[in-house]
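The structure appears right after this line, and notes come after that.
Keep in mind it's a predicted model, so treat the numbers as computed, not measured.
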Amino acid sequence: MKIQFLGIKNQVKKSGCSSCGSRQVSKHTFQREARMVLPSGQVKTFYVGEVYNVMEQDGEFLLKQMYSLDGQNVKMFKAG
């Protein structure tokens, strides 16, 4: 099965840069990679936009992975 990692958008908790004092431009950061332990026991690092061939069991597990953003559930992977 082919799947594609879409990335993870996280909410920023701070309101500015402590080093330079500039104010926050965005309320979110974007995580471009994720390391996961799959049901098959394999540990794999996924990078945004890349298409991966995974076993059917692992693919079904990954397609169910979601995170919450501003009260909405967002999928981490899509079928590729």
Which donor-acceptor pairs under 3.5 Å do side chains of residues 55-66 form with protein atoms, sequence neighbours excluded?
{"unit_1": "D58", "atom_1": "OD1", "unit_2": "S40", "atom_2": "N", "d": "3.1"}
{"unit_1": "D58", "atom_1": "OD1", "unit_2": "S40", "atom_2": "OG", "d": "3.4"}
{"unit_1": "D58", "atom_1": "OD2", "unit_2": "S40", "atom_2": "OG", "d": "2.8"}
{"unit_1": "Q65", "atom_1": "NE2", "unit_2": "F61", "atom_2": "O", "d": "3.1"}

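- A distance of 8.5 Å separates CD in E50 from CD in Q4, rounded to the nearest 0.5 Å.
- The aromatic rings of Y52 and F46 stand perpendicular to each other, their planes meeting at an angle above 60°, with 30° marking the opposite boundary.
- Both L69 and F5 are members of a single hydrophobic cluster when ILVMFWY side chains are connected at heavy-atom separations under 4.5 Å.
- Looking at N73 and S68, their side chains come closer than 4.5 Å, going by heavy atoms from C-beta outward.
- For V37, the side-chain contact (heavy atoms from CB on, under 4.5 Å) partners at least two apart in sequence or on another chain are V43.
- In this structure, L6 stands alone, with no Ile, Leu, Val, Met, Phe, Trp or Tyr side-chain heavy atom under 4.5 Å from its own, directly or through other members.
- Transitive grouping of hydrophobic side chains (ILVMFWY, heavy atoms separated by less than 4.5 Å) brings L38 and Y67 into a common cluster.
- With hydrophobic clusters built from ILVMFWY side chains whose heavy atoms lie under 4.5 angstrom apart, M76 shares a cluster with V74.
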